[in-house]
Amino acid sequence: MVDESRRVLVTGGAGFIGSHVAEAFLACGDEVLVVDDLSAGDPANVPQGASFKQTDIVDRQALADLFGAFSPTAVCHLAAQASVTASVKDPAHDLSVNVVGTFNVVDLAKDHGAPVVFASTGGALYGEHALRPSAESTWAEPLSPYGASKLAGEAYVRTWGSLHGLGNVVLRLGNVYGPRQNPHGEAGVVAIFSERLRRGEPVTVFGDGHQTRDYIYVADVARAFVLAVTAAAPSDASLTTFNVGTGEESSVLDLLDTLQGLAPARVERVFEPLRPGELTRSCLDSSRLRSALGWAPATRLGEGLAATYSSYSGA
Ligand SMILES: NC(=O)c1ccc[n+]([C@@H]2O[C@H](COP(=O)([O-])OP(=O)(O)OC[C@H]3O[C@@H](n4cnc5c(N)ncnc54)[C@H](O)[C@@H]3O)[C@@H](O)[C@H]2O)c1
């Protein structure tokens with residue numbers, strides 16, 4: 001049921017997933033404020049109807065001023081240093097944004113009595129030896145500074161729940177893909193492949209291409225945030241951590257074959273070594289989210305890949 005008075009603050013809403021989350025709340029009739037420093041995001045991603053403030057979440061005073069002016073009833077926290085490779089190169093920056101920044105968001109949300117839904121990661125937490133599909137009870141064994149900082153962020157979210165009664169939900173996302181993912185970064189294989197295939201340029205495959213991920217379409221992820229905000233009422237301080245994935249493993253070569261089938265010309269495949277900090281296999285068990293909030297992925301991989309491919313122009 002939609003609460004007509006919801007004011008949702010979306011950090012990272014000029015980025016890929018955050019922009020879809022902002023759009024999903026606007027579609028519910030909610031008021032949305034996007035906060036993003038544009039270090040990786042693009043103001044063009046902020047959906048029409050949302051307000052936008054360019055602010056660094058590490059800047060406590062600037063963020064406090066925004067919280068004071070907007071007075072959110074819920075916070076979706078997606079702003080992050082979101083690249084595994086970048087976290088290996090500069091772990092101090094990763095720590096600053098993903099731990100100090102998350103602390104600022106969570107602590108200010110507590111001051112305003114606004115429940116927090118935190119975008120964490122499934123793939124980067126469960127490690128190489130996890131049973132697959134991995135349940136939330138799987139021991140966290142991060143392989144990268146990014147996985148470590150997300151785990152620390154989760155700990156602050158949950159601790160502020162138990163210590164201060166802050167309503168909270170942690171969503172551990174699989175590999176999210178869909179329109180608006182940056183095709184020029186180091187991550188986001190579907191976006192990168194789509195753009196290269198559109199241009200007829202060679203694609204780089206790291207490792208042997210048999211490494212797997214749980215690819216989840218961005219609209220399904222955005223729906224999970226809406227359900228989570230509805231569930232994380234301020235009075236509900238229960239500890240709630242959910243995987244958000246399909247439970248299906250797909251390899252990089254599976255993706256490439258499907259996307260290649262949509263492209264007009266066959267492109268060359270260049271193989272390079274797997275990058276440090278990257279897992280070889282990952283797949284999430286989301287049955288807890290299904291039973292608690294009635295969430296299920298609605299988009300089949302083939303359908304989502306086709307929609308994503310057609311959203312890139314290759315220009
Ligand atoms: N893409 C995935 O497959 C995936 C998987 C698991 C978890 N996540 C998490 O989901 C969230 C969104 O990821 P994404 O793929 O949309 O990445 P993204 O880089 O597109 O979005 C992150 C946004 O955060 C902003 N940002 C970075 N540092 C900031 C700061 N200091 N202050 C304010 N804004 C800042 C960036 O400008 C960007 O717009 C992240 O928290 C990420 O860790 C993503």
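In listed order, ligands and their atoms are each counted from 1.
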Side-chain donor-acceptor distances from residues 99-106 under 3.5 Å, at least two apart:
unit_1: T102; atom_1: OG1; unit_2: H77; atom_2: NE2; d: 2.9
unit_1: T102; atom_1: OG1; unit_2: N98; atom_2: O; d: 2.7
unit_1: N104; atom_1: OD1; unit_2: R60; atom_2: NH1; d: 3.4
unit_1: N104; atom_1: ND2; unit_2: I57; atom_2: O; d: 2.9
unit_1: N104; atom_1: ND2; unit_2: V58; atom_2: O; d: 3.2

Checking side-chain hydrogen bond (donor to acceptor under 3.5 Å, both in side chains) for the pair S286/N243: CA distance, chi angles, key distance, verdict?
-> CA-CA 5 Å; S286 302; N243 287 334; 5.5 Å; no

Apart from L305 itself, what residues make up its hydrophobic cluster, given side-chain heavy atom links below 4.5 Å?
-> Y177, V189, V190, F193, L197, V203, V205, Y215, Y217, V252, L253, L255, L256, L259, L262, V267, F271, L301, Y309

Less than 4.0 Å from some atom of ligand 1, heavy atoms are found in residues G12, A14, G15, F16, I17, D36, D37, L38, S39, A40, G41, T55, D56, I57, L78, A79, A80, A82, V97, A119, S120, T121, Y146, K150, L173, G174, N175, V176

Remaining members of W139's ILVMFWY cluster at a side-chain heavy-atom cut-off under 4.5 Å?
-> none

Quiz item: cation-pi between R275 and F206, 6.0 Å / 45° = yes

Check whether Y126 and L171 end up in the same hydrophobic cluster, where Ile, Leu, Val, Met, Phe, Trp and Tyr are linked by side-chain heavy atoms less than 4.5 Å apart.
-> no

